[in-house]
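Taking it in order: structure first as structure tokens, then the write-up.
What you are looking at is a predicted structure, and each value in this text was computed from that prediction instead of being measured.
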Amino acid sequence: MVLHTLIDYDTLRVIWWLLLGVLLIGFAVMDGFDLGTDILLPFVARTDLERRIVINSVGPVWEGNQVWLILGGGAIFAAWPQLYAVSFSGFYLAMFAILFALILRPVGFKYRSKREGRLWRGAWDWALFIGGLVPALVMGVAVGNVLQGVPFHLNNDLRIFYDGSTLFELLNPYGLLAGLLSVAMLTMHGAGWLVLKTDGLVAERARRFGAIAALATVLLFVLGGVWLFLGIHGYRITSVIPVAGPSNPLGKTAEVAAGAWFANYAAHPWMLAGPVLGILGALAAFALLWARKEVTPVLASAVSIFGIISTVGLTMFPFILPSSVDPKSSLTVWDSSSSHLTLFIMLVSVAIFVPIILAYTSWVYRVLWGKVDAGEIQKDNSHAY
């Protein structure tokens, strides 16, 4: 018996759809508080020492957290090659903006303390702010555009043609709303992290900004859902699609229809758990920050992130990337994956290496548990930023 036949092709496709969601949520939760901390840096820290405290709260872990971004990109490349081809080429300028901003982060961390000049350090502080804000904003804008449909089509040879023009067409009203939601969500998460890792005035300011961001997250999330229901048509498959057949998006027919994005919730009410967790997690983060709790706000914001990102996946299933110019070219779970054998080999690899990553990450956070000590930072310590 060939080993990969132990799991059906359609089952493997759903498993990898779930794993893609797990990796994206993992990135948003683990690297999200880094981005949120960078966004908050100019506002919660007003002296050089306070800013060093904020930077050192994420300094030992931010590089390790980015493994989730690498895993997510690698999973898309190997498990969903057509999705990778469309998104990484069609959103090329957006991806470049994210990459440029992410490059600013390590440079900012490393160079800021090389000189003591106020202008020098202030410039790198704002570079770190940009390094947090731009990825959060652009990733949210991308999700908002995916929900509306992406302008691409496939010809009869399955060659992909992106019919969009510039980065600015992505900055449409709904895309910007989704981008602002992403910024608010990660700012809330970063504030929860700062409350956990700092004290004094920095933590107090983080509580205030985090509470505002939590309420903004709820408001923008609800507004985005209402807008999606009333003003944006969804996509649905109108033909039989072989769930275990070869990956050929053109083997189906699909259409744009009002309310189509909400059909899954009517058919499977349990999916409402996604938006409910998104809202309740943010409200819990607000309440816990207001109550001056230290550990639980970041956990509540993580629940909100889980709910919000899950909502997008559950809303669109089985679509992964709908086409606004040719709905039948839309990529779905059933017709845009790698081969049966490839998905199985990758699943075995994930089963081996992800537990190792989780174990190592847990150990690192256990060792680094505790608040950043301002006294230690003020000493001649080559390990502090």
Side-chain angles (χ1 to χ4, degrees), residues 2 4-24 75-90 143 145-163 228 232-272 274 309-347:
V2 182
H4 72 274
T5 60
L6 293 175
I7 304 178
D8 295 335
Y9 196 13
D10 57 326
T11 303
L12 274 173
R13 282 169 160 165
V14 173
I15 289 173
W16 270 102
W17 173 77
L18 290 170
L19 285 174
L20 178 59
V22 169
L23 293 174
L24 293 177
I76 293 174
F77 174 79
W80 310 100
Q82 291 173 318
L83 172 62
Y84 182 92
V86 176
S87 58
F88 280 70
S89 59
V143 172
N145 279 271
V146 168
L147 285 166
Q148 297 175 85
V150 177
F152 74 96
H153 73 276
L154 282 69
N155 68 5
N156 292 331
D157 297 324
L158 298 184
R159 291 180 60 195
I160 298 169
F161 295 88
Y162 184 77
D163 301 312
L228 191 67
I232 297 175
H233 291 175
Y235 294 75
R236 65 186 178 196
I237 298 172
T238 57
S239 64
V240 176
I241 181 170
V243 296
S247 290
N248 179 8
L250 298 180
K252 67 176 182 305
T253 59
E255 67 177 6
V256 180
W261 279 151
F262 291 83
N264 283 342
Y265 297 104
H268 309 286
W270 63 267
M271 290 185 176
L272 290 169
I309 297 178
S310 296
T311 297
V312 176
L314 294 171
T315 297
M316 294 178 57
F317 185 85
F319 288 89
I320 298 178
L321 192 66
S323 169
S324 60
V325 297
D326 182 27
K328 72 177 181 180
S329 294
S330 299
L331 308 182
T332 74
V333 172
W334 312 122
D335 58 22
S336 59
S337 73
S338 293
S339 68
H340 193 173
L341 178 59
T342 299
L343 294 183
F344 180 78
I345 292 173
M346 290 175 59
L347 184 61

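- In this structure, Val150 and Tyr162 approach most closely via the heavy-atom pair CG1-CE1, 3.7 Å.
- For residues 247-259, the set of pairs meeting the salt bridge (Lys or Arg N to Asp or Glu O under 4.0 Å) definition, not counting sequence neighbours, comprises Arg236-Glu255, Lys252-Asp335.
- Remark: Ala85 pairs with Ile160 by the side chain to side chain contact (heavy atoms under 4.5 Å, CB included) rule, at least two apart or across chains.
- Counting all heavy atoms, side chain and backbone alike, Leu154 lies closest to Asp326 at O-OD2, 4.5 Å.
- The nearest pair of heavy atoms linking Trp16 to Ala79 is CE3-CB, 4.0 Å.
- Residues passing the ring pair (Phe, Tyr, Trp, His ring centres under 6.0 Å) test with Tyr9 are His340, sequence neighbours excluded.
- Phe77 is linked by a side chain to side chain contact (heavy atoms under 4.5 Å, CB included) to Tyr84, counting only residues two or more places apart in sequence or in another chain.
- With values rounded to the nearest 0.5 angstrom, Leu331 atom CG is found 10.0 Å from Trp80 atom CH2.
- No donor-acceptor pair under 3.5 Å is formed between the side chain of Ser338 and the backbone N or O of Leu343.
- Atom CZ of Phe88 sits about 5.0 Å away from atom CD1 of Ile76, to the nearest 0.5 Å.
- Between Leu19 and Leu347 there is a side-chain heavy-atom pair separated by less than 4.5 Å.
- With a 4.5 Å cut-off on side-chain heavy atoms, Met316 and Pro322 count as touching.
- Atom-to-atom distance recorded for Tyr235:OH and Ser330:OG is 6.0 Å, nearest 0.5 angstrom.
- A 4.5 Å side-chain heavy-atom check between Asn264 and Thr315 finds every atom pair outside the cut-off.
- A donor-acceptor pair shorter than 3.5 Å can be found between the side chains of Ser247 and Arg13.
- Of all non-hydrogen atoms in Pro81 and Ala78, the two that sit nearest each other are CD-O, 4.2 Å.
- Not one N or O on the side chain of Asp8 forms a donor-acceptor pair closer than 3.5 Å with the backbone of Asp10.
- Checking side-chain atoms of Trp261 against main-chain N and O of Leu228 turns up no donor-acceptor pair under 3.5 Å.
- Residues meeting the side chain to side chain contact (heavy atoms under 4.5 Å, CB included) test with Ala263, sequence neighbours left out: none.
- When side chains are defined from C-beta on, Val312 does not count as touching Val146, because their heavy atoms never get closer than 4.5 Å.
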Begin from the C-alpha positions of Trp334 and Val14 and carry the test side-chain contact (heavy atoms from CB on, under 4.5 Å) through to its verdict.
CA-CA 8 Å; Trp334 312 122; Val14 173; 3.4 Å; yes

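- Side-chain contact between Pro249 and Thr332: absent, with no pair of heavy atoms (C-beta onward) separated by less than 4.5 Å.
- Put simply, the side chain of Phe319 does not reach to within 4.5 Å of the side chain of Ser336, judged on heavy atoms.
- Using a 4.5 Å cut-off on side-chain heavy atoms (C-beta onward), Tyr265 and Leu314 make contact.
- To the nearest 0.5 angstrom, Gln82 atom CD is 6.5 Å from Leu158 atom CG.
- A distance of 9.0 Å separates OG1 in Thr311 from CG in Leu272, rounded to the nearest 0.5 Å.
- Between the CD1 atom of Ile7 and the CG atom of Leu12 there is a distance of 5.0 Å, given to the nearest 0.5 Å.
- Applying the side chain to side chain contact (heavy atoms under 4.5 Å, CB included) rule to Val325 yields the partners Pro151, His153, Asp163, Ser323; only residues at least two apart in sequence or on another chain are considered.
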